[in-house]
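This chain uses plain numbering: 1 for the first residue, then up along the sequence. Heavy atoms only: backbone and side chains are in, while hydrogens, waters and symmetry mates are out. Counting convention: from 1, in listed order, for ligands and their atoms alike.
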Amino acid sequence: MWIDGKSVPARSGKTFLRESPGHGITVGEYPLADRHDVDSAVAAARRAFDTGPWPLLSGADRSKVLWQTAEIIRARKEDLALTETLESGKPIKQARDEMEWSAALWDYAGALCRHLHGDSYNSLGSQVLALTVREPIGVVAMITPWNFPLLIISQKLPFALAAGCSAVIKPSELTPGTTLKLGEILAEAGLPDGVVNIVSGYGDPSGIALSEHPEIDMISFTGSTEVGKAVVGASQRNLKKVELELGGKNPHLVFADADLEAALDAVVFGVYFNMGECCNSGSRLLVQNDIADEFVSRVIETAKRIPVGDPLDERTKIGAIIDENQFNKILGYIESGNRAGARLRVGGGQLPQVTGRFIEPTVFDAVQPEMAIAREEIFGPVLSILTFDTKEEAIRIANSTIYGLSAGVWTRDIDTAFAVSRGIRAGTIWINTFMDGYPELCFGGFKQSGLGRELGRFSIEEFTELKSIQVHLGPRTNLWAR
Ligand code: NDP
């Protein structure tokens, strides 16, 4: 683990192993944290925050550390991408892209270090001047999932550091490798000891211990909606601030007047990227009835051609499923689609490569909005296709889940594009594109997809408290006890 600027074993001496989902061999052995290790990590983060120097440095000095971190991530891209692929099963090319996106977030947050400002009030009367200042919220716990390990921690940590916070991180026990390497990278970049601490281990007990911990001021969680709710419950112990990035069942709407060639590619990318293990996965295709038959046939033809296999093969576009639980969950949803009367048009089965933990790109059509495969997050390479006649009907179906993370709309009609963008209750809308992202644009969910926002200039504010400072100028009149 990484505690107080040092690589340390668990206090119990216990470890756990990680096996590559695509190769079936052991690729990592990590310390198994318990509550004592969490306490040590929190104590180090608390000291680093309460006694400095990090929160007291100028924004300019903090930015140097963040920019240097971005540089080292780029320099170590191959090593980090390999770790990510071996632990997560994702294709190596996609892992390399993830390292570039992560570095870009450190760059952007580096610039934000110098933009943490508040308001001044010079209109409160001749004897008053007041300021509203932003201060770092304190020690932030960050709990992250396994699907984009370095990217997701890079959506949180640099912004918290930019604000002057310290942190304790618990990556998923399935993919701790790159997050632990980030500890070394930060030390090399000049981050003072104790500002970032990383504990490797399971949600129970480490994640729970962090969520409950009285010495933590804020928790930033990315993961499932179900665990997010448990984190909110545990956080009540000391009323810590909670920021949540949770699941999605994102609709991809294709209207008859769209550039169908471009839409086709985006639909297939949107659902099969990262094996569909993606909160932004475009797992529901809503296609206008006039073009449905032809468009769906083309989606099926394209899905059949996508190379599935060894994550280390440069040609692979769909790698291995993360673990046995997730694998069985996906197959369970495929079975549920069949049982509910949706039509399985392609895929639906397991591929026999090495570990056997590969699932064919799968397409269901004739899906009804009330079916589980239309409403619930599958987190696998499974596309559920529904149809609509009017934009009002499309918006109604798009909004008919508990989630509201993102949505895509394909049309050449600007009125339709904006009516849909306004009508869909989701944190991100893509018009004639899908799953693009920029550090400048905030990201987060409506409804049960989350609380708060990451990225963009507002994200640094999530990691701050507001404080009002009032100054009385000149002699005091109107004394109360007089
Ligand atoms: P989980 O919710 O199962 O786990 C997320 C993290 O929480 C892991 O580190 C996990 O540890 C930990 N954890 C588990 N139980 C608890 C608990 N009771 N208290 C505190 N922490 C706990 O999600 P997955 O890792 O399975 O990731 C998939 C989910 O993440 C999907 O639902 C997906 O939509 C969502 N996600 C959302 C994103 C977004 O930005 N909106 C982005 C990426 C994923 P352990 O691994 O040991 O269980």
Look at Glu71 together with Arg74 and state whether they make a salt bridge at an N to O cut-off of under 4.0 Å.
yes

Please determine whether a side-chain nitrogen of the Lys or Arg among Glu100 and Arg96 lies less than 4.0 Å from a carboxylate oxygen of the Asp or Glu.
no

Centroid separation Tyr202 to Phe16 less than 6.0 Å:
yes

For ligand 1, list the protein residues that place a heavy atom within a distance below 4.0 Å of one of its atoms, sorted by chain and number.
Ile143, Thr144, Pro145, Trp146, Asn147, Ile152, Lys170, Pro171, Ser172, Glu173, Gly201, Tyr202, Gly203, Gly207, Ile208, Ser211, Phe221, Thr222, Gly223, Ser224, Val227, Val231, Glu245, Leu246, Gly247, Cys279, Glu377, Phe379, Leu405, Phe443

Compute whether any side-chain donor of one residue and acceptor of the other, for Lys156 and Thr222, lie under 3.5 angstrom apart.
yes

Please round to the nearest 0.5 Å and tell me the distance separating atom OH of Tyr403 and atom CG of Asn250.
10.0 Å

I'd like to know if the side chain of Asp313 and the backbone of Asp310 have a donor-acceptor N/O pair within less than 3.5 Å.
no

